[in-house]
Amino acid sequence: MINTSSSLPTKKYSDNFSNTVSLVWDNEKFKLDAGVRYQMLKFGATEVVVPNLTIPTEIKENRIGAVGNLQIKLFDKVQVNSFLEFSNGSEFGTYLKTTNNLKFEPVKDYFVNAKVNFQSVYPSFNYLINTSNYTNFNYYLQDAKNQTITEIGGSINLKWFKTELFANYFRIDNYTYFDAMAMPRQTDSSVNISQIGGDATFSYGNFHLNTRLQFQNVLTNKDILPMPDFIGRANIFYQSKAFKNAAEIQAGIKVYYFSKFGSREYFPILNEYILPNANSFSIGGQPMIDLYFNMKVKKMFFFIEGQQIGTVLSHNKAYAFPSYPVYDFRLNIGIVWYLFN
């Protein structure tokens, strides 16, 4: 049973002001853009009276920090891109984000990409405070810790079949989430995730098959971050010139699939996803199929698409998340006409 404490509407608000002053050093091989940043953050909620819980109506602070971008190109074979942002404040603590990407071409038309990314940030506002007419969903996450995300990964791009093979590893410390009672929580131990997969396009004459496969696994704390073990997508299509090369047509079929798993649930009161409860059910294991036809004539583009065609023959059994089914069959028809180049 959900208890209500008031008939008055409740709301949250946030305000963010930012100003950056930077200097740029730019040439063909080296570019550096660095500066200082000032931010004013304000976050608040409607005042409510809840037994044994005091919720602040407003939290605000001034923050000062630094931001920088670095780009390096060497021998037309190596490219480095790095980004760093740091700031600090009295209420939301230290913010640190850095992304680092390395791309090089050891052999012509074969590319290797590597990345190391890191982010340490206070939980987003929706995890910190909520005031609601529903007494059970008023909360204040006190003494929250920075959620830190470390990402290490890379990919290899091969000329054969326009192939990309990738692998990623994520470590999340102090992972912030909503439990089955829609209350914010943080983990005491890390969440570790691995991903491997690939993307390729196979062609035979005017027929093409583009497919993407991704395998993933939550290595620790799997119960608080449910996700499918496999995600797949395939696009089989025919593409050719037509009408004495005056037009180009494309027709095909798209198939989407993810393996069955116990998904989180959408909770409209918070507009967030929460962990499944005892009444929840698994989703996935149902392919979704679309048919489409596209035609381009000079500046005009015509398309017709039938989405979820499987529901024409049988009941819709596909869910976006528990209790929210994917839309039934839908027919989209349209024309795009570019009047100017």
Name every donor-acceptor pair, under 3.5 Å, that has one atom in a side chain of residues 249-257 and the other anywhere in the protein, sequence neighbours excluded.
residue: Gln250; atom: OE1; partner: Asn294; partner atom: ND2; Å: 3.2
residue: Gln250; atom: NE2; partner: Gln239; partner atom: OE1; Å: 2.8

Interatomic spacing from [atom1] in [X] to [atom2] in [Y] - rounded to 0.5 Å:
X      : Y      : atom1 : atom2 : answer
Gln214 : Asp199 : CD    : CG    : 11.0 Å
Gln216 : Ser259 : CD    : OG    : 8.0 Å
Thr220 : Arg171 : OG1   : CZ    : 8.0 Å
Asp173 : Thr148 : CG    : OG1   : 4.0 Å
Ile55  : Tyr140 : CD1   : OH    : 9.5 Å
Asn332 : Phe303 : CG    : CZ    : 6.5 Å

Quick check: are there more than 12 heavy atoms from other residues, nucleotides or ligands sitting under 6.0 Å from [atom1] of [X]?
X      : atom1 : answer
Lys162 : NZ    : no
Asp223 : CG    : yes
Lys298 : NZ    : no
Leu23  : CG    : no
Tyr95  : OH    : yes
Met181 : CE    : no

Salt bridge (charged side-chain N to carboxylate O under 4.0 Å, His left out) partners of residues 136-151, not counting sequence neighbours, each pair once | Lys115-Glu151

Any pair counted as salt bridge (charged side-chain N to carboxylate O under 4.0 Å, His left out), so long as it reaches residues 258-272, sequence neighbours left out | none

The residue among Asn100, Thr98, Asn101 that forms side-chain hydrogen bond (donor to acceptor under 3.5 Å, both in side chains) with Ser82 is Asn100

Pick one: which of Asp109, Thr163, Asn113 meets side-chain hydrogen bond (donor to acceptor under 3.5 Å, both in side chains) with Asn157?
-> Asn113

Does the side chain of [Y] come within less than 4.5 Å of [X]'s, by heavy atoms?
X      : Y      : value
Leu84  : Leu96  : yes
Glu58  : Lys42  : yes
Leu128 : Pro184 : no
Phe230 : Leu213 : yes
Leu102 : Val78  : yes
Glu47  : Thr131 : no
Asp290 : Met288 : no
Phe178 : Tyr127 : yes

Using ring-ring contact (aromatic ring centres under 6.0 Å, His included) as the criterion, point out the one residue from Phe261, Tyr327, Phe258, Phe281 that pairs with Tyr319.
-> Phe281

Trace of the side chain to side chain contact (heavy atoms under 4.5 Å, CB included) decision for Ile236 with Phe207 = CA-CA 8 Å; Ile236 306 171; Phe207 293 91; over 6 Å; no

Please determine, by modelled atom types, if [X] and [Y] share a side-chain donor-acceptor pair under 3.5 angstrom.
X      : Y      : answer
Thr94  : Asn146 : no
Arg212 : Asn235 : no
Asn138 : Ser132 : no
Asn81  : Asn69  : no

Do the ring planes of Phe137 and Phe267 sit parallel (below 30°), tilted (30 to 60°) or perpendicular (above 60°)?
-> perpendicular

Which hydrophobic side chains are connected to Tyr266, either touching it within the sub-4.5 Å cutoff or through other members that do?
-> Tyr273, Phe321, Tyr324

Apart from Val67 itself, which Ile, Leu, Val, Met, Phe, Trp or Tyr residues share its cluster (side-chain heavy atoms under 4.5 Å, direct or through members)?
-> Phe83

Kindly work out whether a path of hydrophobic side-chain contacts (I/L/V/M/F/W/Y, heavy atoms less than 4.5 Å apart) joins [X] to [Y].
X      : Y      : answer
Phe170 : Met227 : yes
Val112 : Val107 : no
Val24  : Ile72  : no

Which atom of [X] lies closest to which atom of [Y], heavy atoms considered:
X      : Y      : value
Gly306 : Ile309 : O-CG2, 3.4 Å
Tyr175 : Leu225 : OH-CD1, 3.2 Å
Ser263 : Ile283 : CB-CD1, 3.6 Å
Asn221 : Ser190 : ND2-O, 2.9 Å
Asp229 : Asn217 : OD1-OD1, 4.4 Å
Pro276 : Ala180 : O-CB, 3.7 Å

Holding to side chain to side chain contact (heavy atoms under 4.5 Å, CB included), I want the full list of residues that pass it with [X], two or more places apart in sequence or in another chain.
X      : value
Leu313 : none
Ala234 : Leu209, Thr211
Ile59  : Pro56, Glu91, Phe92, Ile129

Can you list the residues that meet the side-chain hydrogen bond (donor to acceptor under 3.5 Å, both in side chains) rule with Thr99, with sequence neighbours excluded?
-> none

Can you list every ring-ring contact (aromatic ring centres under 6.0 Å, His included) pair that touches residues 99-120, not counting sequence neighbours?
-> Tyr110-Trp160

Run the numbers on Ile172 and Tyr177 for side chain to side chain contact (heavy atoms under 4.5 Å, CB included), then give the verdict.
-> CA-CA 12 Å; Ile172 309 175; Tyr177 64 99; over 6 Å; no

Check whether any side-chain N or O of Asn126 sits under 3.5 Å from a backbone N or O of Leu270 as a donor-acceptor pair, and report yes or no.
-> yes

Please confirm whether the backbone N or O of Val326 pairs with a side-chain atom of Asn316, one donor and one acceptor, at under 3.5 Å?
-> yes

Residues two or more places apart in sequence or in another chain: which of them pass salt bridge (charged side-chain N to carboxylate O under 4.0 Å, His left out) with Glu61?
-> Arg63

Ring pair (Phe, Tyr, Trp, His ring centres under 6.0 Å) against Trp25, all qualifying residues, sequence neighbours excluded = Phe30

